[in-house]
Amino acid sequence: MTITDPDPAAVPPAGRPIRTFHPRRGRMSGRQTDALERLWSSYGRDVSTEPVDLAALFGRRAPVVLEIGSGMGDSTAAMAAADPDRDYLAVEVHTPGIANLLDLVDRAGLGNVRVAQGDALELVSGLPEGVLDAVHIFFPDPWPKSRHHKRRIIQPAHVALLRSRLAPGGTLHCATDWAEYAEAMRETLDADPGLVDAYGGFAPRPAHRPVTKFERRAITAGRPVADLIYRRR
C-alpha cells in the first residue's frame, strides 16, 4: 500500500480544527520506497477518529507510548529497541519519515512499533481515556510567528485531550529547542489541573531520549534544548 503526503495547499473544511503541523513533501530513496511497500500493511495504519484497539494493533497488552511527530524515526526506533516491554505508536505526516522508520523497525526486528500517518490529534480522539503510559512530543513545530501560535500543539485544549488519554501516573514529555516556546509550553502545562510537573521546572535531559541529528544541529547553532516532563495526577 502506498501513502501520500497531505496537499500543502489544502484548506481545512469549515469547523475542522486548525492543523498543528505543516505538511511536507519529500523524495524517498529506493530503500525507503521498498520499506513502505513491504511493511505498511503489517506495521502501518491511516489516522482516523474511529476507536483504536491498541491490544489488537500490537497483538498484545502492554503499556503504550504515543510518539507525536516521529520525524525520520531514529529516536522512536532507538527507544523502542531499548524498551521492549512497552509498545510505541508513532504518528507522522511526512511520508519519507514514515518509510524510514519502517525500514529501521524491519532492520532491528522490532515487534513493539506501529506507525500511523496523519493528524495525531485525530488519532488521540479515537483512543479510550486512560490508555497511554506516556506521550512524547519531541521538537514540534514552534510556529514562531505570533499569528501562527494558534497552530502550536501545546495549548490548553490539546493538552487536556492528551492528558485524558494518559493513565494515572502516565507522563507527558515534551522537548524543544525554541526558548520562547519552551516557556509557553511550561505555562500551559502548569495551568492544566490534571498534570503535575515531575521536576518543578525544566527537567534534566533524560538519558532515554536519544540525541538526534536535529538536536545536534540545534545545539551547534546555540539553541539549548529544554525538556518538560509532567505526570497525570
Side-chain angles (χ1 to χ4, degrees), residues 5 8 18-29 32 65-83 88-105 108 113 115 117 119-121 134-155 158-159 162 171-190 195 197-231:
D5 288 324
I18 295 171
R19 279 179 171 169
T20 60
F21 58 90
H22 180 69
R24 296 175 297 143
R25 298 189 185 279
R27 294 181 179 180
M28 293 195 296
S29 67
Q32 292 169 343
V65 178
L66 178 65
E67 291 279 329
I68 295 180
S70 52
M72 296 305 289
D74 303 87
S75 288
T76 304
M79 286 186 290
D83 190 19
Y88 282 71
L89 176 55
V91 190
E92 179 56 57
V93 296
H94 188 45
T95 305
I98 291 168
N100 196 69
L101 176 54
L102 290 172
D103 182 61
L104 293 172
V105 166
V113 178
V115 187
Q117 189 267 342
D119 189 333
L121 294 175
V135 176
H136 293 168
I137 306 176
F138 298 154
F139 305 101
D141 194 325
W143 294 102
K145 295 181 180 179
S146 296
R147 69 177 183 272
H148 291 156
H149 285 183
K150 61 188 176 183
R151 297 184 178 275
R152 289 177 167 177
I153 191 167
I154 300 301
Q155 52 184 288
H158 300 160
V159 170
L162 294 168
T171 59
L172 173 57
H173 180 183
C174 305
T176 182
D177 64 323
W178 197 265
E180 182 274 332
Y181 194 16
E183 293 293 344
M185 283 183 175
R186 183 179 175 186
E187 181 178 341
T188 299
L189 295 169
D190 281 345
L195 294 175
D197 187 342
Y199 288 90
F202 293 113
R205 192 193 188 288
H208 66 262
R209 183 172 67 73
V211 179
T212 63
K213 292 180 181 178
F214 178 89
E215 184 174 0
R216 290 191 186 97
R217 287 198 298 267
I219 294 172
T220 299
R223 300 192 303 273
V225 173
D227 283 87
L228 299 102
I229 301 176
Y230 285 69
R231 298 190 186 279

Visitor: With heavy-atom distances below 4.5 Å as the criterion, would you say the side chains of Tyr199 and Ile229 are in contact?
Guide: yes

Visitor: Between Thr171 and Val135, is the side-chain contact (heavy atoms from CB on, under 4.5 Å) condition met? List the steps.
Guide: CA-CA 6 Å; Thr171 59; Val135 176; over 6 Å; no

Visitor: Would a distance-only check, ignoring hydrogens and angles, find a side-chain to backbone donor-acceptor pair under 3.5 Å from Arg231 to Leu172?
Guide: no

Visitor: Supply the atom-to-atom distance Thr176 OG1 to Phe138 CZ, rounded to the nearest 0.5 angstrom.
Guide: 12.0 Å

Visitor: If you look at every heavy atom in Pro142 and Tyr181, which pair is closest and at what distance?
Guide: CA-CD2, 3.5 Å

Visitor: Looking at Glu180 and Lys145, is any side-chain nitrogen of the basic one under 4.0 Å from a carboxylate oxygen of the acidic one?
Guide: no

Visitor: Sequence neighbours left out, what passes side chain to side chain donor-acceptor pair (under 3.5 Å) with Gln32? Give chain and number order.
Guide: Asn100

Visitor: Using side chain to side chain donor-acceptor pair (under 3.5 Å) as the criterion, list what pairs up with Asp190, not counting sequence neighbours.
Guide: Tyr230

Visitor: Could you check whether any side-chain N or O of Gln155 sits under 3.5 Å from a backbone N or O of Thr188, counting only pairs where one atom can act as donor and the other as acceptor?
Guide: no

Visitor: In the structure I gave you, are the side-chain heavy atoms of Ile137 and His173 within less than 4.5 Å of one another anywhere?
Guide: no

Visitor: Salt bridge between Asp141 and Arg151, side-chain N to carboxylate O under 4.0 Å?
Guide: no

Visitor: Could you tell me if the side chain of Val225 sits less than 4.5 Å from the side chain of Arg209, heavy atoms only?
Guide: yes

Visitor: With no hydrogens and no angle check, do the side chains of His208 and Asp83 hold a donor and an acceptor under 3.5 Å apart?
Guide: no

Visitor: Less than 4.5 Å apart, side chain to side chain, heavy atoms only: is that true for Pro144 and Trp178?
Guide: yes

Visitor: Could you check if a side-chain atom of Val113 sits within less than 4.5 angstrom of a side-chain atom of Leu89, using non-hydrogen atoms only?
Guide: no

Visitor: Within the side chain of His158, is there an N or O that forms a donor-acceptor pair under 3.5 Å with the backbone of Ile153?
Guide: yes

Visitor: Could you tell me if the side chain of Ile219 sits less than 4.5 Å from the side chain of Pro224, heavy atoms only?
Guide: no

Visitor: Taking NZ, NE, NH1 and NH2 as the nitrogens, is one of them in Arg223 or Glu215 under 4.0 Å from a carboxylate oxygen of the other?
Guide: no

Visitor: Would you mind writing out the side-chain donor-acceptor pairs for residues 65-79 within the sub-3.5 Å range, not counting sequence neighbours?
Guide:
residue: Glu67; atom: OE2; partner: His136; partner atom: ND1; Å: 2.2

Visitor: Can you confirm whether Asp197 sits close enough to Leu189 that some side-chain heavy atom of one is under 4.5 Å from a side-chain heavy atom of the other?
Guide: no

